[in-house]
J.: 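The following block contains the structure, expressed as structure tokens.
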Amino acid sequence: MVDVDPVTREEALALCEELNRHNHRYYVLDNPTIPDAEYDRLMQRLQRIESQYPSLKTADSPTQRVGGEPLASFKPVAHEVPMLSLDNAFSDDELLDFNRRVTEWLKLSGSLEYACEPKLDGVAVSLLYRDGVLIRGATRGDGAAGEDITENVRTINSIPLKLQTNSPPHLLEVRGEIYLPRAGFEKLNTEARTLGEKLFVNPRNAAAGSLRQLDSKITASRSLEMAAYSLGRIEGLVQPETHSETLELLRRWGFLINPHVEVTADIDGCLSYYRKMVDIRDQLPCDIDGIVYKVNNLYLQQRLGFVARAPRWAIARKFPAQEEITLLKEVEFQVGRTGAVTPVARLEPVFVGGVTVSNATLHNQDEVARLGIKVGDTVIVRRAGDVIPQIVSVVLEKRPVNARDIVFPDHCPICHSPVERVEGEVVTRCSGGLICSAQRKEAIKHYASRKAMDIEGLGDKLVEQLVDQELVHSVEDLYRLQIEQLEGLERMGKKSAQNLLASLDTSKETTFPHFLYALGIREVGEATARSLAQHFGSLALLCSSTREDLLEVTDVGPIVAHFIHEFFQQTDNLDVIKRLKEAGVHWPDIMPQDRQLLPLSGQTWVLTGAMDTMGRAEAKERLQQLGAKVAGSVSAKTSCVVFGADAGSKLKKAKKLGVSVLNEAEFLAMLTANGLL
DNA sequence: TTGCCTCGAGATCA
DNA sequence: CTCGAGGCAA
């Protein structure tokens, strides 16, 4: 290693610090104090020193922002604290409902403070700082794991490479939105136009595209920004008491915080904040697609906790979806994995809400009837929740004389088996089962999908070919595929075939919940698969479970229990599972031990009467967190009854049966003793 | 559902 | 070099 003289080392350090300071002034505060030329001169000086003495290059050096060598691929990274999405509200009423739910949960009598902020239209990211230095940037991915885009985030000038504090926390994960301001988007497209290249259709896609560049030099050339909005993992930090103070702290540490963040005293303030933002939306420097409201007090946030994939303490109020008029050209019927026959509208392409829409689902027969829609109609489409296009209504005045009724087929369009519609259900289903190639294809696609077995390289088109050529009838056939069978399929060369076989092999090593989800049992999605896996621990126990056993599982009711039970009664299904295991599919059983270790495992509790400091829903969740089951009525098997004010017959019965009882204060003390309050 | 990036396949040209 | 599949994000 080359020895560096102390004077040069000092100079490099000073330059680094000075440049970072100016960078912050320019990109975060929007208030530069030196001319650009001077900044460039300092930068060149630092670059010269660093190229002479590479050992002086630090992770937080501003020279690291220009982009380095292209990557071969993005590596996966796990989010220790999951990155959740937000529940949506589409009207004032839904927002008021949210406030009611929160107030009821917390049993608050007064009003509740909310932090309001614009929902920037970009890409969510996680930034990890160790001892104050940026060490990793990652995309949200599915919330549990994303991709490592460190090289790309480093190039974003409003992201501090080092926190502006002398006592940084040991570990800090900052979350926020990376977006492209409208000006940057216009600039980018103007350049693309002069070069005769393809234009980006909207700023969000341009931002997402810029972040997916393997060559960070390209990312560096785009004027991306990041606004921080929350924390993830933290170690060695005393958290502030409120969300707004957290943002203030992040601002001091050098992050860009959206200037329109406001704290309101109550939900009415949220409503007026929304109206204000709707008014100024068009004049903002960047696209926003709604408003995010968060309960400002972090202690209350913690008490509210989370539902499956979203916090109970926050909600996104969406702006009204944009609507456009277009023509319904045709309706086709698709057959899904469960045989559901879905009408799909083929539309005259129309630009709405930032994208061109040409397809939209019509869901089912009832929806078609409700809309009173015919082929040839002029219709109003909108993008609901910003993703799924929706047909809102028909413009009857424009109906042509030759408009055609939408007739549901009485036989499956694929396998021609009769369709059936069960009383009380809205879905029409193909009765063909495994005879139906559409159902088989969809089942295989589902099996291969990321949240299931995650077989990379096995996409829709390939599955279609494999089933059509009769190379694969059912999922177990996948593992018998030979390289010679694959080569010669469309867009399948030696390389692709090898890759597919390799990823089929990799996919054999899986987890119980993934496998369970992959089986495609009706009503068993990701969350239910996880609950089942957790509850039973092994496939053998799940297979031999009764309907009653299944009802014990969180979020499994009679209908879901029925489908699961039926699935494992059918020998065909059991055979498939057997052959998959023979083919080498395996997973570690889950020890349901952590359940047993919980303090209230195996107990059944009952709540009665109203408590002063906590809603019924919260009390129930707390008990479940401790491993207890919460039942509605008292019996000899009841472990304990918690009673509040105006407790009636249940308390009486408990006392008669000699079941132990707790009053509110005792209950709260019990929770506190178990670290829940 | 769409738009974007990346990769491999296959066509085209040298 | 161009095209389309696949993967990703909202």
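First the proteins, then the strands, lettered A, B, ... as listed; each starts at 1.
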J.: According to the salt bridge (charged side-chain N to carboxylate O under 4.0 Å, His left out) rule, which pairs have a member within residues 177-204 of chain A, sequence neighbours left out?
T.: A:R182-A:D287
J.: What pairs with A:V355 under side-chain contact (heavy atoms from CB on, under 4.5 Å), at least two apart in sequence or on another chain?
T.: A:N202, A:V357, A:R383
J.: Would you tabulate the side-chain donor-acceptor contacts of residues 511-525 of chain A under 3.5 Å, counting partners in other chains and residues two or more places apart, or write 'none'?
T.:
residue: A:T511; atom: OG1; partner: A:H514; partner atom: N; Å: 3.3
residue: A:T511; atom: OG1; partner: A:H514; partner atom: ND1; Å: 2.8

J.: According to the salt bridge (charged side-chain N to carboxylate O under 4.0 Å, His left out) rule, which pairs have a member within residues 355-366 of chain A, sequence neighbours left out?
T.: A:D366-A:R421
J.: By a strict heavy-atom criterion of less than 4.0 Å, which residues belonging to residues 361-370 of chain A are in contact with DNA chain B?
T.: none
J.: Listed by chain and number, what are the salt bridge (Lys or Arg N to Asp or Glu O under 4.0 Å) partners of A:R346, not counting sequence neighbours?
T.: A:E332
J.: Return the set of residues passing side-chain contact (heavy atoms from CB on, under 4.5 Å) with A:E147 (not counting sequence neighbours), or none when no residue passes.
T.: A:F74, A:T139, A:R212
J.: Could you pull out all residues at least two apart from A:R480 that satisfy salt bridge (Lys or Arg N to Asp or Glu O under 4.0 Å)?
T.: A:D477
J.: Please list, chain by chain and in numerical order, all residues satisfying side-chain contact (heavy atoms from CB on, under 4.5 Å) with A:K217, sequence neighbours excluded.
T.: A:D215
J.: Under 4.0 Å from a heavy atom of chain A: give me the 5'-most and 3'-most nucleotides of DNA chain B that qualify.
T.: B:dT1 to B:dA9
J.: Identify, with sequence neighbours excluded, every residue that meets side-chain contact (heavy atoms from CB on, under 4.5 Å) alongside A:S393.
T.: A:I380
J.: Which ones in residues 180-197 of chain A lie close to DNA chain B, meaning a heavy atom under 4.0 Å from one of its atoms?
T.: none
